[in-house]
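Since this is a predicted model, take the numbers as computed values, not measurements. Chain identifiers are assigned alphabetically (A, B, ...) following the order of the sequence lines, protein sequences preceding nucleic acid strands; residue numbering begins at 1 within each chain.
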There are 2 protein chains.
Amino acid sequence: MLSSITTQRNGHGNQLLDALPRAQRERILSNAQRLRLGVRTVLFEPGQTISNVYFPLDVVISLVTPLQDGAIVEVATVGNEGVVGVPLVPGGSLAVRAIAQVAGHSLRMSASDFLAATNEHDIFEELVRRYVQAFVGQVAQAAACNRLHSNEERLSRWLLMSHDRVGVDEFAITHEFLGQMLGSRRATVTLSAGILQAAGLIRYQRGEITILDRAGLEAVACECYGVIKAELDQVITRTREAPLDDRTPAHV
Amino acid sequence: MLSSITTQRNGHGNQLLDALPRAQRERILSNAQRLRLGVRTVLFEPGQTISNVYFPLDVVISLVTPLQDGAIVEVATVGNEGVVGVPLVPGGSLAVRAIAQVAGHSLRMSASDFLAATNEHDIFEELVRRYVQAFVGQVAQAAACNRLHSNEERLSRWLLMSHDRVGVDEFAITHEFLGQMLGSRRATVTLSAGILQAAGLIRYQRGEITILDRAGLEAVACECYGVIKAELDQVITRTREAPLDDRTPAHV
DNA sequence: CCTGGTCAGTACGCTACCGTACAGTGTCCT
DNA sequence: AGGACACTGTACGGTAGCGTACTGACCAGG
């Protein structure tokens, strides 16, 4: 499960890390481990002190809010565009559960190493802060989306977001699990998924889903997909474009 | 609308500020203005660069996500327990609209003064960071709540949260506006509110609502009220209990 | 005093879901 | 091959809340 990491190649790692100058990236990652996260692995629970921070590579992590009756609802998705478990204060916690949605690989570092790295590398800190800001936006959009958009719209959005993050057209996910993410019944997911399949946008069988027509899915999905994507994309581009003056500029 | 502030008395100001030692608080507030925010005043729009930060005193600010079709949904409420518009990076923005829900007073300072204050005063920075962490939790809880809880539950939660923040039993709010916050029709709000009124928990007429029975409302409201309240309360208590000795990570 | 505007009450058909439940089908294990 | 299991398809009654719309009450201003 564990393997040592030496060098991350640009383009096949985590976008936040890849946005850093190579030397800084390797320095920051000197204490990180690469590991595989199986489906349904729980990284942390609500209120639990954060001990590790994860940079997804091709794994997809869902942040979900568990309710008293056992129901859970996804409030955000994190993949290689972000980082899971940013502790804003040492010893801090988050109010959500982090769970691997689609199995894959991730880099892990301790919360204290992470905080030390943000203190030491200003660009890294800025990236992380911008990501946190975008992350809040994602959760806010999800809050509105969960209230007002239909099952089919949200399912399409979810599929697109996961597709962006896993990097392949086929991945494992069951209707049951999708229902938990969307806060809907399994049968409702089956219905919506059936419509998407009949329209030729996806294909699935026994827990394996294939994305056939992204453009079609985007047409069905609610605006929230584009809003969230644009917001997350800006994390990297804005940091590159407008580095803080009193810090080391990114492109020197 | 503007009046100079000299000294904030403990207990009648903003809880984040009141948690600071008096000298620090006065220093931080030296460039702040006290101002009244009328109902429906918009503090900022999604994506707009944050130029000012607001510390509510008795005003209640709603953070809402506007959707393409014009609908809006509340994703968080901020009162004297928090702060509106924390810029995590200079020149940053938030993905939500901030709008005064119940009229009242607030302290305002520029984003740059705010950032300077967090850099200068470690306790202040820790308070703000803890608040941001709790704020994210609030939005996450709202995302789940919006999906799964009934109109009546959410209305009760909303009334309790506002009641906590305005500090009086009677305040102005219309069904129409409530509907926007809850992401429901005005008529649905009228129905739920009628039930609460019939049960003797509230009274209202022409936009003035009176809280009659808090305990009763808490029984009707979903768990989310308590979860969010506990999370926000911890911002102050945890900071008091475990202030940072310096900026180095806790367990090194 | 009348008028126009804001606000709440109510109604009626409609739809997108829910809860539950059972049957079918593919897959893996023995 | 047979059985156990996991996953999907489908059904059926129930309901919360929608869209629309009309009514009446209260209020401020001319």
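Listed candidates were D/dT8, C/dG9, D/dG19. Nearest to the side chain of B/Gln197 is C/dG9. Here C/dC17 is the nucleotide among D/dC7, D/dC18, C/dC17 with the atom lying nearest to any side-chain atom of B/Arg147. In this structure, of C/dG19, D/dG9, D/dC7, it is C/dG19 that holds the atom nearest to the side chain of A/Arg185. Distance from the side chain of B/Thr190 is smallest to C/dT10 among C/dT10, D/dG17, D/dG9. Nearest nucleotide to the side chain of B/Thr188, out of C/dC18, D/dG17, D/dC7: D/dG17.
Protein atom CG of B/Leu191 is 16 Å distant from nucleotide atom P of D/dG19, rounded to whole Å. Between the CG atom of B/Asn151 and the C1' atom of C/dC17 there is a distance of 16 Å, rounded to whole Å. The distance from atom CG of B/Leu148 to atom C1' of C/dC17 is 12 Å, rounded to the nearest whole Å. Rounded to an integer number of Å, the gap from CD of B/Glu208 to C1' of D/dA25 is 16 Å. For B/Leu178 and C/dC7, the CG to P distance is 12 Å, given to the nearest whole Å. Distance, B/Glu176 CD to C/dT6 P: 11 Å, rounded to whole Å. One can place NE2 of B/His149 at 14 Å from P of C/dC18, the figure rounded to the nearest angstrom. One can place CG of B/Leu196 at 12 Å from P of C/dG9, the figure rounded to the nearest angstrom.
Counting any heavy atom pair closer than 4.0 Å across all strands shown, B/Gly183 reaches sugar-phosphate atoms only and no base atom. Nucleic acid contact for B/Ala187: base, since at least one base atom lies under 4.0 Å from a heavy atom of the residue.
A salt bridge does not link A/Asp169 with A/Arg203: every distance from a Lys NZ or Arg NE/NH1/NH2 to an Asp or Glu carboxylate oxygen is 4.0 Å or more. Here A/Glu218 pairs with A/Arg214 in a salt bridge; the nearest charged N to carboxylate O distance falls below 4.0 Å.
Residues B/Ser184 and B/Asn151 approach most closely at OG-ND2, 2.5 Å, considering heavy atoms. Annotation for B/Ile195 and B/Glu152: closest pair CG2-OE2, 3.5 Å, computed over non-hydrogen atoms.
Using cut-offs of 30° and 60° for the angle between ring planes, the B/Phe171 and B/His163 rings count as parallel.
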I'd like a list of close polar pairs between nucleotides 22-30 of chain C and the protein, N/O only, cut-off under 3.5 Å.
residue: C/dG26; atom: N2; partner: A/Arg206; partner atom: NH2; Å: 3.3

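Side-chain contact between A/Tyr204 and A/Ile173 is absent, with no heavy atoms from C-beta onward closer than 4.5 Å. Side-chain contact between B/Ile72 and B/Arg97: present, with at least one pair of heavy atoms (C-beta onward) separated by less than 4.5 Å.
The end-to-end axis angle of the helix from C/dC1-D/dG30 to C/dT30-D/dA1, rounded to 10 degrees and based on five pairs per end, is 30°.
In terms of phosphate contacts, A/Tyr204 brings a side-chain nitrogen or oxygen within less than 4.0 Å of OP1 or OP2 of D/dG9.
With a 6.0 Å radius and a threshold of 12 heavy atoms from other residues, nucleotides or ligands, A/Gln205 has its CD atom at or below the threshold.
Not counting sequence neighbours, the partners of B/Gln15 by the side chain to side chain donor-acceptor pair (under 3.5 Å) test are B/Asn80.
Side-chain contact annotation: B/Thr190 with B/Arg185, donor-acceptor N/O pair under 3.5 Å absent.
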